[in-house]
Amino acid sequence: MMSNITVCARFRPLSAKERKDSCDSICISSIDSESFIFKDEKDECTYSFDKVFYEESKQADVYEFLALPIVKDAVKGVNGTIITYGQTGAGKTYSVEGPSILECDVQKKGLLPRVVDGLFECIKSADESTKYTIKLSMVEIYMEKVRDLLDLTKDNIQIKENKEQEILLSGVTEITISDPEGALQSLSTEMNVGSSRSHCIYILTVQLESNTDKRVKTGKVILVDLAGSEKVEKTGAEGKVLEESKTINKSLSALGNVINALTCGPSTRSSHIPFRDSKLTRILQDALGGNSRTALLCCCSPSASNASETLSTIRFGMRAKHIKASPLVSRREDKHAKKHGDISPTKDESCDRIL
Ligand code: ADP
Ligand code: MG
């Protein structure tokens, strides 16, 4: 069985501060486009990923490898999720948005604007018997509460599940976008709301309506800009910041635990997957567990001064690489899971957003 998760590592260039602090000393050296050597005071080890992007890599390379296959599938009605993981300052938001969402330098545009462009491109060349509609939603998870970034008054969105075991965000705002420029305008007005203390989730839904049999299918691309993965102790946090850090670490370990449980193989997979341990894993349940393609971008600093956080990010990625699930054939397994009480009682939430 093919794994449906693609795991990549990306090393950004050294920052000015790192150049100063570590005198340009770096903790990784490239072997090839899939492997690198990580080195710290204790150890030296080789790691392999599906792809490794080094500092000179282009935003277009990351998009083409990681996101384009997901975009192509979304317009056929298959879901896909792209997750960026890493410590604060590692390049997650740069990878997702670019230096800014309305970045004028085309080369620096991030995954999100490229995904939007890509969806419209695919639709343009698709067959004419299908009518396509693209919708956008944006939420953040802050302190285990889901907030609608397109309507900040909705600050406690509930996560539900329909009878097809699809995850729904109850009452979330959706805007229909008719061209890439319109999408970016909508995104840019809300963009500065997101912070590195929250998980930011962008949902692009493609609705496919066949002119011949009037059946409606949906394909989604979910982009997740995770909160910083750095350890609480290192930040020297107190009070509110400490609480935030603990909540972030808890949800990231929940994500790690779900990934671990999924690597245990099909026999144990159905009954022990703790999707419900955090809002993040709950929202990503159908993305990680079955009917979806997933890409994980592990963003890292190359600096020796950040070696321990870089190693922890690399290890997270290595664990994720073992996920085995096949898109589109997850129904039988879902039913099996339900028998074991792992999935909530069925509920028809057809008016809710399907995630
Ligand atoms: P994070 O979202 O992980 O906290 P950012 O994406 O905000 O980190 O990146 C931190 C800084 O590093 C930003 O100034 C960003 O522009 C820069 N940066 C990150 N990745 C790259 C890259 N691949 N090339 C150039 N600059 C980058
Ligand atoms: Mg960020």
Side-chain angles (χ1 to χ4, degrees), residues 8-22 24 26-28 30 33 36 49 51-67 82-115 138-142 147 149 187-188 190-202 223-232 234-235 237 241 244-245 247-249 251-252 255 280 295-303 305-314 316-317:
C8 303
R10 184 177 199 185
F11 296 96
R12 62 156 166 73
L14 283 171
S15 68
K17 185 172 184 301
E18 287 168 340
R19 284 193 189 287
K20 205 162 142 261
D21 290 353
S22 67
D24 287 356
I26 60 168
C27 62
I28 59 124
S30 140
S33 64
F36 60 89
F49 286 86
K51 189 72 118 187
V52 185
F53 300 101
Y54 299 100
E55 65 171 279
E56 66 282 0
S57 66
K58 299 193 174 62
Q59 297 279 63
D61 301 338
V62 179
Y63 170 75
E64 269 161 38
F65 189 82
L66 217 86
I82 302 157
I83 303 171
T84 57
Y85 183 98
Q87 73 180 117
T88 299
K92 300 180 296 297
T93 304
Y94 181 91
S95 297
V96 171
E97 297 173 23
S100 91
I101 197 67
L102 293 175
E103 176 59 43
C104 299
D105 182 345
V106 177
Q107 302 223 338
K108 290 188 178 161
K109 280 199 324 186
L111 289 167
L112 181 57
R114 285 174 196 272
V115 164
M138 269 167 80
V139 296
E140 70 167 7
I141 306 173
Y142 175 71
R147 182 160 72 145
L149 291 178
L187 286 165
S188 65
E190 307 301 335
M191 220 72 188
N192 33 14
V193 184
S195 89
S196 65
R197 317 298 300 162
S198 62
H199 307 300
C200 194
I201 305 177
Y202 308 95
L223 269 131
V224 187
D225 184 352
L226 287 173
S229 60
E230 57 276 6
K231 302 284 170 299
V232 184
K234 202 178 170 184
T235 62
V241 178
E244 284 174 355
S245 296
T247 312
I248 292 165
N249 289 346
S251 61
L252 292 177
L255 181 62
L280 176 67
L296 176 66
L297 185 64
C298 299
C299 297
C300 303
S301 155
S303 168
S305 60
N306 278 312
S308 68
E309 289 299 339
T310 291
L311 182 59
S312 121
T313 299
I314 293 168
F316 188 90

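For the single chain, residues carry numbers from 1 onward in sequence order. In each ligand, atom 1 is the first atom listed, and ligand 1 is the first ligand listed.
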Check: Do the ring centers of Tyr54 and Phe36 come within less than 6.0 Å of each other?
Finding: no
Notebook entry, point to check: How long is the gap from NZ on Lys51 to OG on Ser57, to the nearest 0.5 Å?
Noted result: 10.5 Å
Margin query: I'd like to know whether ligand 1 has Gly86 as a neighbour, heavy-atom separation below 4.0 Å.
Written below: no
Note to self: Tell me whether atom 27 (C) of ligand 1 lies less than 4.0 Å from at least one protein heavy-atom position.
What the structure shows: yes
Note to self: Looking at Gln107, I'd like to know if its CD atom is crowded, meaning that more than 12 non-hydrogen atoms belonging to other residues, nucleotides or ligands lie closer than 6.0 Å.
What the structure shows: no
Check: What residue and atom, counting heavy atoms only, is the protein's closest point to atom 16 (O) of ligand 1, and at what distance?
Finding: Tyr94 CD1, 3.4 Å
Check: Nearest non-hydrogen atom to atom 4 (O) of ligand 1 belongs to which of Gly98, Gly228, Gly89?
Finding: Gly89
Notebook entry, point to check: Salt-bridged, Arg114 to Glu97, with N to O below 4.0 Å?
Noted result: no
Notebook entry, point to check: Numbering the atoms of ligand 1 from 1, which are under 4.0 Å from a heavy atom of Thr88?
Noted result: 4 (O)
Item checked: Polar atom proximity, Ser196 to ligand 1 (N or O, under 3.5 Å) -> no
Margin query: As a quick check of understanding, evaluate side chain to side chain contact (heavy atoms under 4.5 Å, CB included) for Leu226 and Leu280, giving each step before the final call.
Written below: CA-CA 9 Å; Leu226 287 173; Leu280 176 67; 3.6 Å; yes
Next item on the list: Flag atom 14 (O) of ligand 1 as yes if some protein heavy-atom distance to it falls below 4.0 Å, otherwise no.
Entry: no
Check: What do we get for Gln87 next to ligand 1 when only non-hydrogen atoms under 4.0 Å count, side chain, backbone, both or neither?
Finding: backbone
Checklist line | Closest protein heavy atom to atom 12 (O) of ligand 1, given as residue, atom name and distance to 0.1 Å | finding: Arg12 CD, 3.9 Å
Note to self: Please determine whether Thr93 has a backbone or side-chain N, O or S atom lying under 2.8 Å from the Mg ion (ligand 2).
What the structure shows: yes
Check: side chain to side chain contact (heavy atoms under 4.5 Å, CB included) with Tyr85: which of Leu297, Asp225, Leu296, Val224?
Finding: Leu296
Next item on the list: For Ala90, take its heavy atoms, then give the atoms of ligand 1 lying under 4.0 Å from any of them.
Entry: 1 (P), 3 (O), 8 (O)
Margin query: With a heavy-atom distance limit of 4.0 Å, tell me whether Pro13 approaches ligand 1 through its side chain, its backbone, both, or neither.
Written below: side chain
Item checked: Nearest neighbour in protein (non-hydrogen) for atom 8 (O) of ligand 1 -> Gly91 N, 3.1 Å
Notebook entry, point to check: Any side-chain donor paired with an acceptor under 3.5 Å for Ser303 and Ser301?
Noted result: no
Check: Just checking, any donor-acceptor pair under 3.5 angstrom between side chains of Glu230 and Thr88?
Finding: yes
Notebook entry, point to check: Considering only protein heavy atoms, which is closest to atom 7 (O) of ligand 1, and at what distance to one decimal place?
Noted result: Thr93 CB, 4.2 Å
Note to self: Could you report the tightest heavy-atom contact between Thr310 and Cys300, atom names first, then the distance?
What the structure shows: CG2-CB, 3.8 Å
Margin query: So for Glu97, does at least one of its heavy atoms come nearer than 4.0 angstrom to any atom of ligand 1?
Written below: no
Next item on the list: Measure the CD1-NZ distance between Ile83 and Lys92 for me, rounded to the nearest 0.5 Å.
Entry: 13.0 Å
